[in-house]
Asker: 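Sending over a structure as structure tokens; questions will come in a sec.
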Amino acid sequence: MRSKWSGMVVASLLVVSLLATPAAAAQDEWTIDGGGWGHGVGLSQYGAYGQALEGRSATQILTYYYKGTSVSSASQLLGSDHWIFRPEALWVGLSQADTSVRISAVGAPATVCHKAGNCADEETFTISPGENWVFEAGSGAEAGRCRFRRIGVDNQGWGPCQADITWSDNGGVNRLVVAGSHYAHGRLRFRPAGGGKFHTILSIGLEQYLRGLAEVPSSWPSAALEAQAIIGRGYAIATALARGGSDGSGRLSSCGCHIRDDARDQVYAGWSKEGEPTYGSRWVAAVERTGDSGGHQVVTHPDAPNRGIISAYYSSSNGGVSENVEDVWGGQALPWLRSVEDPWSANPNINPLARWSVFLDGEVLRSQLCKSGSCWDAVTGGEVVKKPPAGRIRLYGLSGRKVVSTEVTAVWLYNVLNAHGTEPAPNGGRRAARVSPYIVDIHAPSPFLDVGDSVHYEDVAYIANIGVTRGCNPPDNTLFCPTQSVTRAQMASFLVRALDLPPADRDYFVDDNGSIHEDDINALAAAGVTRGCNPPKNDRFCPGQAVSRDQMAAFLVRGFGYTDPGEGNLFTDDNGSIFEGDIDRLATAGVTKGCNPPKNDRFCPTQPVTREQMASFLARAIRG
């Protein structure tokens, strides 16, 4: 890892014209290194997989990740007559705010009740296998109403946006297909969502729900599957009780449900999970061993609500250590959701996302940081100042020409990466990044391709970001040529940009005609920073000559107005130089330190100045 100025973003409001070609724009991309996928709180699924491979039981795995816990029977804790154990007690949100959903039946007809209330037999109709139907919301005169329509045939007329569909549960032989997904158990419910739309919900029994929980591969070891079934059950119960209340009637207004079928809660896939031809039976067996046969096993802690049933948060993996819950979501520290070491998650032979590098556009980072209160002209570098858990990152930037910084949490950057980060896709393109708060390094993009190993890197990047340099290979300007000597003409352009000098109204020299730096040479002369190279006449500038270190001292002293020579004679090798006084003034101002570190009692006045050295001279002078 580089120092705190690990790189500089070139997409600055100050320098939008510096690197405008497509090739250069691709450089405006940060690289962030870390490991794991998901929020990192609680059990790591790949960690559980690794522990199961070592022969640990589901109980051993769970009590490792959830401190101070036990595995207990939910039916004993809540009572077997609790509403959560009733048929179709759990309302699962399949999709929200729909205007149209396709429906078909497999194996046997499904029965449709389309009214706000119970239907008598004569008020129902059937969807037969092979028929394709749609439930759709109306508009215009039919706004706020919905209908069932058999595609290409007929419809059942407009009615309320509330309907139920039932079918006979026959172990998966009979199924309802909703928007392409198959469901073998429960009842499909449509409920009004407002705005002329509806929610699509599956009401299902707790253990039937768990059969379709698609959070880990069914091919994993039995102990890992049992651990997942137990925490999936506990999460579903704790979530449903929190939202459903004492009788289950409460539901999220955003879905009309107790629990959603995606990663916002738990991924529920219905029949495709339990009916998976090769391994589906292994998952169903794990659910049964821990469910009806095991008393509806859950993880409990004496300090948890719901008779001790914890909300067993989990994620795919972390990079080697889990997170404390309060560091990710704030709020109260919970004794069962403490950080633990997780070497299994960090093992690339177990976890395919044990380590990753993902990418983030520099302008996106700048805009997201601005939303957090740090509105800078550019974000220029960063470093991880605290490793996980509860990682922290310091970001550096520019406000005008002033260097600024702020600290953010790794969780903040994780959220930004979740929304905007990308990673390489198998097809060679890019896809959304899969990340966790386990972030170990951050690399900002370099403004040039040839300065990464330079000890002057930070200063080169700084002057690039404030527009003092544009590179050495126009028009692409992807290179800086750090070890090339600075010519007097180049030096003129550096100084004019650094000092923001106005243009001149006359041509001072006879030997710079045709030079791309001619205007800057004249501006430098008009400001009194240069007098020419052929005293006393001084009608020539010698634009192609290399600038020596003592000449550079004179230029900078005149340009930045340094007057204090300090104690004088600060270096041993500049005696007799006509620029000795300027060298002393430059050193007293802190712009130069010498040329022979660490002693630095020499200045090397006659050595030519390289472009990277010039960058450091200017950066120190500008920053003051």
Asker: Could you tell me the separation between the OG atom of S281 and the CD atom of E274, rounded to the nearest 0.5 Å?
Answerer: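 It comes to 11.0 Å.
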
Asker: Shortest non-hydrogen contact from G320 to A346?
Answerer: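 What the structure gives for the nearest pair is CA-CB, 3.9 Å.
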
Asker: Do V403 and L398 have side chains that approach each other closer than 4.5 Å (heavy atoms only, starting at C-beta)?
Answerer: yes

Asker: Do T59 and I230 make a side-chain contact, defined as non-hydrogen atoms from C-beta onward lying under 4.5 Å apart?
Answerer: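 The answer is no, as the side chains (C-beta and beyond) never meet within the 4.5 Å cut-off.
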
Asker: Do any N or O atoms from the side chain of R431 and from the backbone of P426 form a donor-acceptor pair under 3.5 angstrom?
Answerer: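 Side chain of R431 to backbone of P426: no pair is present.
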
Asker: Would you call H443 and D33 a side-chain contact if the rule is heavy atoms closer than 4.5 Å?
Answerer: yes

Asker: What do you reckon, are the aromatic ring centroids of Y46 and W220 less than 6.0 Å apart?
Answerer: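 Yes - the distance between ring centres of Y46 and W220 falls below the 6.0 Å cut-off.
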
Asker: Once you round to the nearest 0.5 Å, how far does CZ of F603 lie from NZ of K593?
Answerer: 13.0 Å

Asker: Spell out, as yes or no, whether a donor-acceptor pair under 3.5 Å connects the side chain of N473 to the backbone of L479.
Answerer: yes

Asker: Over all heavy atoms of both residues, which pair between V451 and S446 is shortest? Give the atoms and the distance, please.
Answerer: CG2-OG, 3.6 Å

Asker: Taking the side chain as C-beta and beyond, is there a heavy-atom pair between Y314 and Q266 under 4.5 Å?
Answerer: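 Yes, at least one pair of side-chain atoms sits under 4.5 Å.
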
Asker: With sequence neighbours excluded, tell me which residues meet side-chain hydrogen bond (donor to acceptor under 3.5 Å, both in side chains) with S316.
Answerer: none

Asker: Kindly compute the distance separating CD (E363) from SG (C370), expressed to the nearest 0.5 Å.
Answerer: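 Separation between the atoms: 9.5 Å.
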
Asker: Ignoring hydrogens, what is the shortest heavy-atom contact between G212 and W283? Give both atom names and the distance.
Answerer: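 Between these two residues, the closest heavy atoms are N-NE1, 4.5 Å.
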
Asker: Sub-3.5 Å donor-acceptor pair from the side chain of D377 to the main-chain atoms of G400, do we have one?
Answerer: yes

Asker: Could you tell me whether the side chain of R355 and the main chain of G319 form a donor-acceptor pair under 3.5 Å?
Answerer: yes

Asker: Do R623 and D459 sit within salt-bridge range, that is, some charged N less than 4.0 Å from a carboxylate O?
Answerer: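 Salt bridge: yes.
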
Asker: Holding to side-chain hydrogen bond (donor to acceptor under 3.5 Å, both in side chains), I want the full list of residues that pass it with N306, two or more places apart in sequence or in another chain.
Answerer: none

Asker: Without hydrogens or angle criteria, can the side chains of N324 and S339 be said to hold a donor-acceptor pair below 3.5 Å?
Answerer: no

Asker: Which value, rounded to the nearest 0.5 Å, describes the distance between Q490 atom CD and L495 atom CG?
Answerer: 12.0 Å

Asker: Kindly compute the distance separating CG (L213) from CG (D261), expressed to the nearest 0.5 Å.
Answerer: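 Reported to 0.5 Å precision, the distance equals 10.5 Å.
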
Asker: Return yes if some donor-acceptor pair links the side-chain N/O of N318 with the main-chain N/O of G36 below 3.5 Å, else return no.
Answerer: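 Absent.
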
Asker: Would you check if V41 and W329 make a side-chain contact, meaning some heavy-atom pair closer than 4.5 Å?
Answerer: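 Yes - at least one pair of side-chain heavy atoms lies under 4.5 Å apart.
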
Asker: If you measure only the distance, is there a donor-acceptor pair under 3.5 Å linking the side chains of D265 and H258?
Answerer: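 Note: D265 and H258 side chains miss the donor-acceptor criterion.
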
Asker: Regarding E383 and Y396, do their side chains bring together a donor and an acceptor under 3.5 Å, going by distance alone?
Answerer: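 Judged by distance alone, the side chains do pair up.
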
Asker: R611 versus C472: any side-chain heavy-atom pair under 4.5 Å?
Answerer: yes

Asker: Which pair of heavy atoms, one from P302 and one from G68, lies closest together, and at what distance?
Answerer: CD-O, 3.9 Å

Asker: Scan side-chain atoms only and decide if Q45 and Q228 contain a donor-acceptor pair under the 3.5 Å cut-off.
Answerer: yes

Asker: Are Y66 and L43 close enough that some pair of their side-chain heavy atoms sits under 4.5 Å apart?
Answerer: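 The answer is yes; the side chains approach within 4.5 Å.
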
Asker: Measure the acute angle between the ring planes of Y268 and Y209, then classify it against the limits of 30° and 60° as parallel, tilted or perpendicular.
Answerer: parallel

Asker: Would you please classify the geometry between the Y313 ring and the Y235 ring as parallel, tilted or perpendicular, with 30° and 60° separating the classes?
Answerer: perpendicular

Asker: Heavy-atom distance under 4.5 Å between the side chains of F359 and P424, does that happen here?
Answerer: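 F359 reaches P424 side chain to side chain.
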
Asker: Which residue pairs satisfy the salt bridge (Lys or Arg N to Asp or Glu O under 4.0 Å) criterion with at least one member in residues 54-70, sequence neighbours excluded?
Answerer: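 Listed once each, the pairs would be none.
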
Asker: Shortest non-hydrogen contact from S218 to R282?
Answerer: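 Scanning both residues, the minimum pair turns out to be O-NH1, 2.7 Å.
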
Asker: Specify the closest pair of heavy atoms between W30 and I32, including all atoms of both residues, with the distance to one decimal.
Answerer: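 Here W30 and I32 meet closest at CB-CD1, 4.0 Å.
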
Asker: Kindly compute the distance separating CG (L62) from CD (Q51), expressed to the nearest 0.5 Å.
Answerer: 9.5 Å

Asker: Evaluate whether atom NZ of K386 has more than 12 neighbouring non-hydrogen atoms of other residues, nucleotides or ligands under 6.0 angstrom away.
Answerer: yes

Asker: With R260 as reference, evaluate L252, V267, V92 under the side chain to side chain contact (heavy atoms under 4.5 Å, CB included) test and give the passing residue.
Answerer: L252

